[in-house]
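I have placed the structure first, in the form of structure tokens, so that the comments after it can refer back to it.
Proteins come first, then strands; the chains are lettered A, B, ... in the order of their sequence lines, and each starts at number 1.
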2 protein chains.
Amino acid sequence: MISSIAELISDRIGAMPAGERRAAQTLIANYPLTGLKTVAEFSAAAGVSSPTILRFVARLGFQNYPEFQSALQDELAAQLQSPASRTLDPGSAGGAVSPMLEATLDNMRETFRHLTDKQLADIATRLAERRGKTFLIGGRFTDPLARYMAAHLAIIQPDVYHLAGQESIWRDRLIDMGKRDVLVIFDIRRYQESLVRFAEKAHHRGVQIILFTDQWLSPIARFARHVIAGRTAVPSAWDSSAALFVVAETLIGAVTRQLEAAGAKRIRDLESLR
Amino acid sequence: MISSIAELISDRIGAMPAGERRAAQTLIANYPLTGLKTVAEFSAAAGVSSPTILRFVARLGFQNYPEFQSALQDELAAQLQSPASRTLDPGSAGGAVSPMLEATLDNMRETFRHLTDKQLADIATRLAERRGKTFLIGGRFTDPLARYMAAHLAIIQPDVYHLAGQESIWRDRLIDMGKRDVLVIFDIRRYQESLVRFAEKAHHRGVQIILFTDQWLSPIARFARHVIAGRTAVPSAWDSSAALFVVAETLIGAVTRQLEAAGAKRIRDLESLR
DNA sequence: GGAACGCTGTATCTTATGTTACGTATTTTG
DNA sequence: CAAAATACGTAACATAAGATACAGCGTTCC
């Protein structure tokens, strides 16, 4: 079974004429980067002419060069998104637990790899400055995340509201929202139409939207000021929201720290209670 | 110091107009793949027009699109050659993100190290056999976890109830509970007195209790048939429920798999809907 | 040693990609 | 609230990319 293009090449490299073989070797040497460049660059790197490169990719079974490049990109995407599980605890390799845990850990690393301190700090600042109100809402499975975040934020600052219940209920809350307010939305795949509509309306009212979504980006990203894209793929019938959960916790921590640093009276009062 | 294009973007994303910010977010979401595609594909993915993409790369300081792509490719080449640096950029260890993430990942490894496959399988079986009803409840901060689990379990099997609202409300539900039923409780430090009382009463009625708690064990452990102890310590003002969250997801997956294996009609019906 | 075959490169063509100009919409500022 | 500035998209443009035709060369097989 041939899964990668690299395998495909080494499978057929024996049956290639000299020029194409040079192309193949050049590509393998720093795979897959050379293949992502233009035909001209590829040919220059291999020291052959452009048509030879084209004949080479044709021999691999691709209709044209762009198709070949797309295949390479897809492969690269798969590689980048599921980093080789090298953290695997050798002792617990057998059971049904490990794959799930491994995937979840990978998801978190990947999620945070795409997330800079600055991004998080910006969002935290926006949440901490509280010029207006903060609203949180989530989809069918992610609403608990919204609740979790709301439960914490509501303690350290006033005017934090979780939007619950039926659509009509939170739609009516739109009337309270303005450009000084922040709306935190959780929406992962099988994006909810009702949430998208809600986000759009809020956006039109000038509300700043912070979106927690998956890597395929909810349509709400269109309206969002900040987008956090978490990885959700795990070996299960369900998607995993764990990565988003951790981001949420991180943000809660960051907001708390900022408010502490700002010397908010509420925080001092809170500490005396703890 | 700015070394990668991703950093460059998150550094300037704040000073970008909406359209370009969407482009930036789309690129970051699955970095750097979108940037390697054509302008047309990039713009389609971001939901903006081609010129916006070009303005975006111009704002990053590139003369033209090909130059931008070359930079991405160079970066990718460097990354691919030293796979070690892909896990987590050691350079960014100074920020506020890493310690939090590191601690969370450690928590999960620790939590699962003390959790055997058999334990999880037993609990999953208990949840899947559904001789009776399943109730879920949580504390102030952990109630969202109960909701999250309930949202999933309620789909794959009937008679799943999340106990919400005021204490008096769920106390009255005790009357519905018997020895065939299961009660899943989430309770971490600053254990809630009301939850303990509730657990005790349920226990006396013969209800089997599955407890999610922290490593110091809620007093409810006294009455619990199964106890899952997750690590909660992170460098933050708050405890982290992330490890428990992942255990919950793992359990959800395990229960789903067991029901599938048992050929439950509900699951087949569900699959036809997906 | 000659002829046939196949591989390779040059030059040309076509396509679609990146680029730019301009009008409209939106936001910001006084 | 008005006016200026900025941002955005449509459409036309130029260019560079991939594809193709053809001729030269080397190789191989009678």
- Roughly, in whole Å, what's the span from CD in E20(B) to P in dT6(D)? 14 Å

- Salt bridge check: are D122(A) and K118(A) linked by an N-O gap of less than 4.0 Å? yes

- Query: Under the ring-ring contact (aromatic ring centres under 6.0 Å, His included) test, which residues partner Y148(A), sequence neighbours left out?
  - Reply: H152(A), F245(A)

- Note: for H203(A) and T52(A) on DNA chain C, the residue whose nearest nucleotide lies more 5' is T52(A)

- With sequence neighbours left out, write down each residue that passes salt bridge (Lys or Arg N to Asp or Glu O under 4.0 Å) with R173(A), or none if nothing qualifies. D176(A)

- Note on the structure: The salt bridge (Lys or Arg N to Asp or Glu O under 4.0 Å) partners of R147(A) (sequence neighbours excluded) come to D143(A)

- Query: Tell me the salt bridge (charged side-chain N to carboxylate O under 4.0 Å, His left out) pairs involving residues 51-64 of chain B, sequence neighbours left out?
  - Reply: E20(B)-R59(B)

- Enumerate the residue pairs fulfilling salt bridge (charged side-chain N to carboxylate O under 4.0 Å, His left out) with a member in residues 235-247 of chain A, sequence neighbours excluded, ordered by first and then second residue. R189(A)-D239(A)

- Taking heavy atoms of chain B and a 4.0 Å limit, find me the 5'-most and 3'-most nucleotide of DNA chain C within that range. dT17(C) to dT20(C)

- Item | Of all pairs that satisfy ring pair (Phe, Tyr, Trp, His ring centres under 6.0 Å), the ones with a partner from residues 50-73 of chain A, not counting sequence neighbours | F62(A)-F68(A), Y65(A)-F68(A)

- Output all residues satisfying salt bridge (Lys or Arg N to Asp or Glu O under 4.0 Å) with R225(A), sequence neighbours left out; order by chain, then residue number. none

- Spell out protein contact along nucleotides 17-27 of chain D as letters: B when the base is contacted, S when just the sugar-phosphate is, - when no protein heavy atom is under 4.0 Å; keep the 5' to 3' order. SSBB-------

- Note on the structure: One would report the end-axis bend of the helix from dG1(C)-dC30(D) to dG30(C)-dC1(D), five pairs per end and rounded to 10 degrees, as 30°

- Item | salt bridge (Lys or Arg N to Asp or Glu O under 4.0 Å) partners of E167(A), counting only residues at least two apart | R171(A), R197(A)

- Item | Selection residues 33-44 of chain A - residue pairs positive for side-chain hydrogen bond (donor to acceptor under 3.5 Å, both in side chains), sequence neighbours left out | N30(A)-T34(A), K37(A)-Q73(B), T38(A)-E41(A)

